[in-house]
2 protein chains.
Amino acid sequence: MSTSTRERIMEAARLTVQDLGYGGLSFRELAKEVGIKSASIHYYFPTKGELVVAIVRRYIERHEAFLDDLFIESVDRGVLVGHYTEMYRRTLRNGNRMCLAGMLSAERNELPEDVRAEVVRWGEMNERWLVGVLASEDGGNGDGGDADRTRHRARAIFAAVSGAQMIAHGRNEIAAYDDVIAAYRASGLLP
Amino acid sequence: MSTSTRERIMEAARLTVQDLGYGGLSFRELAKEVGIKSASIHYYFPTKGELVVAIVRRYIERHEAFLDDLFIESVDRGVLVGHYTEMYRRTLRNGNRMCLAGMLSAERNELPEDVRAEVVRWGEMNERWLVGVLASEDGGNGDGGDADRTRHRARAIFAAVSGAQMIAHGRNEIAAYDDVIAAYRASGLLP
DNA sequence: ACCTGAACACCGTTCAAGT
DNA sequence: ACCTGAACACCGTTCAAGT
């Protein structure tokens, strides 16, 4: 059996949102790609918001699983963060796309409330994973002050990598991403 | 005499793009704000792209003048970069808006070519100013290798601050911006 | 010089109707 | 269970027509 209509809608929608954003996602264009009429999409996803909530949820799940797998394979912080920045780099490689949640983060003010909540969840997942990575070589027994500093550094790495991707996306220039990541490492922001 | 119609179109359009993005800018809504009909906007700006090119150009000019004035008042890198991050913070304070060019950077793939070019110009202006700031206390006589390192660090600061703004915008949470900027400083990325 | 209504091909959404 | 055409109020853009 081949991929379900529902799956094909979600996959095509995800690629379009990462390319053109929430506002750039058209039900009529989407329907053409899938081979049905635009009214039929509403059978699977009543509104555009519900469709995008579904694709962001799955996006978070899959990337969380990917990152957790990396964590099992290595405990070297430099290696793990290197895989992390490579993940964001691959998105740019794939048709100058942006992270799904990064794109939606910029469009936040025109999103339905439930989509906004998923954008926040993406950030929380990233920060949680980075906290684990940053603590992995310290024995993990720092006092409360250290935990706060680690959390803020994790959020800073998430924001900085997201920003590097946005700037490189805006220029359609992967070299810009690479230069910025290298400079983050040189400054000590990235381990 | 009061503000011209053309000025009022540009000001309202800028505020909307920083709020809802290029895709979220509607000529009909814009016309209502200015008190004319949507067809009349095309008299001043034939297309949406030409309108946005005009507002980004002025945005760049005004921020460049603002930053250059700061540079005359101080040569302390910490103080100057502090003013720089405050500038991006004020945008968030003003109705959770994003930097005009940052918003457009995310929307890049659905922009006309001439708008894309202005987004690149914004980045070049930011980098140029930051290079001046970073070099200001070194005597400015580094060799070629230093100049390259300074340029990459300037671009990294630009990307990192833009990313902090995007993440805070996505959460509608200024405290997130403040925490990330503080962590950049602690890591040594920001002077 | 400045503004407008009407038309065009788009958009998300709804709904009655088909199989 | 799954799909559709037609309608609705939106969108940027064009253009002939008004003052």
Side-chain angles (χ1 to χ4, degrees), chain A residues 1-56 100 103-104 107-116 118, chain B residues 1-56 100 103-104 107-116 118:
Chain A
M1 57 152 247
S2 78
T3 324
S4 73
T5 303
R6 190 188 155 88
E7 287 297 324
R8 294 175 52 234
I9 292 170
M10 287 181 70
E11 179 67 3
R14 180 184 63 79
L15 288 167
T16 300
V17 175
Q18 291 191 248
D19 182 20
L20 305 174
Y22 184 86
L25 175 67
S26 153
F27 270 42
R28 283 173 175 83
E29 287 299 320
L30 190 52
K32 275 182 206 160
E33 288 182 57
V34 177
I36 55 178
K37 298 294 170 182
S38 82
S40 305
I41 296 181
H42 293 277
Y43 172 75
Y44 298 96
F45 303 97
T47 65
K48 193 167 161 176
E50 291 174 80
L51 167 57
V52 173
V53 162
I55 66 179
V56 182
L100 183 60
M103 179 68 84
L104 295 170
E107 291 179 292
R108 191 258 180 197
N109 288 357
E110 52 174 356
L111 298 179
E113 201 56 57
D114 48 356
V115 179
R116 291 178 181 176
E118 295 304 321
Chain B
M1 56 152 249
S2 79
T3 323
S4 72
T5 302
R6 191 188 153 88
E7 287 297 325
R8 294 175 53 234
I9 293 170
M10 286 181 71
E11 179 68 1
R14 179 183 64 78
L15 287 167
T16 300
V17 175
Q18 290 192 248
D19 183 20
L20 306 175
Y22 184 87
L25 175 66
S26 152
F27 270 42
R28 283 173 175 84
E29 287 299 320
L30 190 53
K32 276 182 205 159
E33 288 182 56
V34 177
I36 55 178
K37 297 295 171 183
S38 83
S40 304
I41 296 181
H42 293 276
Y43 171 76
Y44 297 96
F45 304 97
T47 65
K48 193 167 162 176
E50 290 174 81
L51 166 57
V52 174
V53 163
I55 66 178
V56 182
L100 183 60
M103 180 68 83
L104 295 170
E107 291 180 291
R108 191 260 180 195
N109 288 356
E110 50 175 356
L111 297 179
E113 201 55 58
D114 48 357
V115 179
R116 292 178 180 175
E118 295 303 323

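First the proteins, then the strands, lettered A, B, ... as listed; each starts at 1.
- Distance from the side chain of A:Ile36 is smallest to D:dT4 among D:dT13, C:dT13, D:dT4.
- The backbone N or O of B:Ser26 lies less than 3.5 Å from no partner atom in the side chain of B:Lys48, so there is not a single donor-acceptor pair.
- Under the Watson-Crick and G-U wobble criteria, each requiring two contacts below 3.5 Å, nucleotide D:dA1 is paired to C:dT19.
- Distance B:His42 NE2 to C:dT4 P: 13 Å, rounded to the nearest Å.
- Dashed line: the shortest gap from a side-chain N or O of B:Ser40 to OP1 or OP2 of C:dT4 is under 4.0 Å.
- In terms of phosphate contacts, A:Ser26 brings a side-chain nitrogen or oxygen within less than 4.0 Å of OP1 or OP2 of C:dC11.
- The listed nucleotides are C:dT13, C:dC11, D:dG12; the one nearest the side chain of A:Phe27 is C:dT13.
- Going from atom CD of A:Glu29 over to atom C1' of C:dA9 covers 12 Å, rounded to whole Å.
- D:dG12 atom P lies 13 Å from atom CD of B:Glu110, rounded to whole Å.
- In this structure, A:Lys48 atom NZ and C:dT14 atom C1' are separated by 17 Å, rounded to whole Å.
- Looking at B:Ser4 and B:Glu7, their side chains never bring a donor and an acceptor atom within 3.5 Å of each other.
- Spacing between atom OH of B:Tyr22 and atom C1' of D:dC11 amounts to 12 Å, rounded to whole angstrom units.
- Distances shown here put every side-chain N or O of A:Tyr43 at or beyond 4.0 Å from the OP1 or OP2 atom of D:dC3.
- Nearest nucleotide to the B:Ala39 side chain, out of D:dT14, C:dG12, D:dC3: D:dT14.
- Here D:dT13 is the nucleotide among C:dT4, C:dT13, D:dT13 with the atom lying nearest to any side-chain atom of B:Thr47.
- Under the Watson-Crick or G-U wobble criterion, with both distances below 3.5 Å, D:dT14 is paired with C:dA6.
- Of all heavy-atom pairs between B:Val115 and B:Leu104, the closest is CG1-CD1, 4.2 Å.
- Backbone-only engagement by B:Leu25 is indicated by non-hydrogen atom pairs under 4.0 Å involving sugar-phosphate atoms exclusively.
- In this entry the distance linking CZ of B:Arg28 with P of C:dC10 reads 15 Å, nearest Å.
- Of all nucleotides listed (C:dG5, C:dA7, C:dT14), C:dG5 comes nearest to the side chain of B:Lys37.
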Salt bridge (Lys or Arg N to Asp or Glu O under 4.0 Å) evaluation trace for A:Arg8 with A:Glu11: CA-CA 5 Å; A:Arg8 294 175 52 234; A:Glu11 179 67 3; over 6 Å; no
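- When the side-chain nitrogen and oxygen atoms of B:Tyr44 are compared with OP1 and OP2 of C:dA1, none of them lie within a distance under 4.0 Å.
- In this structure, B:Ile9 places its CD1 atom 11 Å from P of C:dC2, rounding to the nearest Å.
- As rounded to whole Å, 12 Å separates atom P of C:dC3 from atom CZ of B:Phe45.
- With contacts defined as side-chain heavy-atom distances shorter than 4.5 Å, the pair B:Leu25/B:Leu20 does not qualify.
- Between D:dC2 and C:dA17, the two P atoms lie 22 Å apart (nearest whole Å).
- Looking only at distances, a side-chain donor or acceptor of A:Arg116 sits under 3.5 Å from a matching main-chain atom of A:Arg108.
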